[in-house]
2 protein chains.
Amino acid sequence: MAKSVRRSTPRPYHHGNLASALVDAALLLLDETQDWNFSLREVARRASVSHNAPYKHFPEKRDLLAAVAARGFEALAESTLSSLEGLTDARERLLACGRTFVARGIANPALYRLMFSAVLTSPEAGRPAIEKVAAAKARAIMDKAFADATQSGVFPPSLASPGEGAAATLAMWSILHGLTMLAIDDFVGPPKDIEALVDPILGALLNGISSQPPALPAHIWIAPRL
Amino acid sequence: MAKSVRRSTPRPYHHGNLASALVDAALLLLDETQDWNFSLREVARRASVSHNAPYKHFPEKRDLLAAVAARGFEALAESTLSSLEGLTDARERLLACGRTFVARGIANPALYRLMFSAVLTSPEAGRPAIEKVAAAKARAIMDKAFADATQSGVFPPSLASPGEGAAATLAMWSILHGLTMLAIDDFVGPPKDIEALVDPILGALLNGISSQPPALPAHIWIAPRL
DNA sequence: AGAAAAGAGTTGACAGTGTCAACTTTACTG
DNA sequence: CAGTAAAGTTGACACTGTCAACTCTTTTCT
């Protein structure tokens, strides 16, 4: 803790990099309280800085939370990728995506809730940029798995069209998100058993999609606002 | 506003019934701010009572919110029932349930979010009783529609077994909840178009379920903790 | 009936919050 | 090496949820 200690990363300013230390502290508090109603001041306390220091890095509390959510999406992307390692069957890969998605949510409910919550969304600017790019990264992985599955014949070729493809991925996205939410918000349980349900449930959806793809009413456009 | 005015409902105490007036005010605030971070004091102000009057009816802010959520579930149950009127085809009825479910969520995002949120859940007591019974009422409607569909041959008879039936309804429940959440949290849109996607998406799931019902891993038990 | 108890609402207080403004210290720039 | 901008601090403000003590009204009990 001595000030003379040299770090491998050069610390450009007073603290080193407060910003990421604050995110760390917030991540911890989020896990402890399972709620993002903790005070900015408490976060500052944990980082051993004054109650106003955070404002030099995050204009509002919301911005800190957005940075936390971004971390969550990055972690999700990483886990998903590593869960895909070694799997070659396209359908297997889709199921693996689903399993890690739900598992991560159940492992850290408050973080998951925050990531998909709209507390972050400001009326005029929408979702903060930092979160958008992190979320897009995570989303791209699943979209790719889906596209691969289409190409390798798991789904009918019509799903390669942007419209039908979007509807199908939205369906998958929805069922996973819904299942996770219901589990972490205590509407069904116990959580570990819910995880085991991803395969059969997502499996049923995939079957339904391949036998009769969700037909998009013409002219409808689904905006993936990530 | 004079005190001498006689109401049809006898007002037993000072205000009439503050409790429900508070819920009304909170419902309004919820809709205005799209967030339940409004202050209890503001609710009291709107009901023209002192900042501490609410505590005579709700021990904590959480309890007021629970009452608000309960109202939401009751409204949902009512809408669902009325959307079912005149529909006889079992599959049509299931789709109608889905449509109203999503539509209600999109029509009042903050209320929907509150209803399914875990802010209300206290660590020891779980979800407040008042919300549980209201939610159970709403849930029972969809469960019944599902059971009817099984009985009238939309799904294979194995879905009449408690296990498979539970998994299947959970799948439906999940895809609707997930779709609604993604829509109201601004991950996909525009909302009106998402509503139009309920039929094709839920339809695909129903197809998948009937062609190959989600098989429950033995011994797994899904607790519908409503 | 009247007295006593309970219910409903009020006033005042307390610690704690998010954020603003003004200040000091440090690090980097020309 | 001076000067400026970034990073962090101190103090203040209005506001919050909740507790305790008080008052007024309604109900209940003899």
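Labels below follow one simple rule: chain letters A, B, ... track the order of the sequence lines, proteins then strands, and each chain is numbered from 1. Not measured: the values here are computed from a predicted model. Hydrogens, waters and symmetry mates are skipped; everything else that's a heavy atom, side chains included, is used.
- In this model, the phosphate group of C:dG9 is approached by a side-chain N or O of B:His57 to a distance below 4.0 Å at OP1 or OP2.
- The side chain of B:Arg45 sits closest to D:dT16 out of D:dA7, C:dG12, D:dT16.
- In this structure, CZ in B:Arg93 is found 13.5 Å from CE in B:Met142, a value given to the nearest 0.5 Å.
- Per the geometry, CG belonging to B:Leu40 stands 13 Å off P belonging to C:dT10, to the nearest Å.
- Per the geometry, OH belonging to B:Tyr55 stands 13 Å off P belonging to D:dA20, to the nearest Å.
- Using a 30° and 60° split on the angle between ring planes, B:Phe116 and B:Trp173 fall in the perpendicular class, above 60°.
- For the pair A:Glu60 CD and C:dC20 P, the interatomic distance rounds to 8 Å; values are reported in whole Å.
- Residue A:Lys56 places a side-chain atom within donor-acceptor reach of the base of D:dG8, judged by atom type and a 3.5 Å distance cut-off alone.
- In this structure, the nucleotide among C:dT10, D:dG11, C:dG18 sitting nearest to the side chain of B:Asn52 is C:dT10.
- Of the candidate nucleotides D:dG8, C:dT17, C:dG9, C:dT17 has the atom lying nearest to any side-chain atom of A:Ser39.
- Scanning both residues, A:Gly165 and A:Phe146, for their nearest heavy atoms gives O-CE2, 4.4 Å.
- With C:dG9, D:dG17, D:dT10 as the choices, the nucleotide that has an atom nearest any side-chain atom of A:Ser50 turns out to be D:dT10.
- An OP1 or OP2 oxygen of D:dA14 is reached within less than 4.0 angstrom by no side-chain nitrogen or oxygen of B:Arg41.
- Geometrically, B:Lys61 engages B:Phe38 in a cation-pi contact defined by less than 6.0 Å to the ring centre and at most 45° from the axis.
- Here CD1 of B:Ile184 is found 9.0 Å from CG of B:Asn108. Values are rounded to the nearest 0.5 Å.
- Closest to the A:Lys61 side chain, of the nucleotides D:dG17, D:dA21, C:dG18, is C:dG18.
- B:Leu202 has its side chain out of reach of B:Leu94: every pair of non-hydrogen atoms, C-beta onward, lies at least 4.5 Å apart.
- For the helix from C:dA1-D:dT30 to C:dG30-D:dC1, the end axes, each set by the C1' atoms of five terminal pairs, are bent relative to each other by 10° (nearest 10°).
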Give the intermediate values and the outcome of salt bridge (Lys or Arg N to Asp or Glu O under 4.0 Å) for residues A:Asp186 and B:Arg127. CA-CA 8 Å; A:Asp186 209 35; B:Arg127 215 163 268 275; 5.4 Å; no

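- The distance from atom CZ of A:Phe38 to atom P of C:dG16 is 18 Å, rounded to the nearest whole Å.
- Taking atom CZ of A:Phe58 as the reference point, atom C1' of D:dG8 lies 15 Å away to the nearest angstrom.
- The two residues A:Ala53 and A:Leu18 have their closest heavy-atom pair at CB-CD1, 3.9 Å.
- Residue B:His51 places a side-chain atom within donor-acceptor reach of the base of C:dG12, judged by atom type and a 3.5 Å distance cut-off alone.
- Rounded to whole Å, atom C1' of C:dG18 lies 13 Å from atom CG of A:Asp63.
- With rounding to whole Å, B:Leu64 atom CG is found 14 Å from D:dT18 atom C1'.
- What separates CG of B:Asp35 from P of D:dT16 is a distance of 14 Å, to the nearest Å.
- Taking only side-chain atoms of B:Leu18, from C-beta outward, the nucleotide of D:dG8, C:dG9, D:dT16 with the closest atom is C:dG9.
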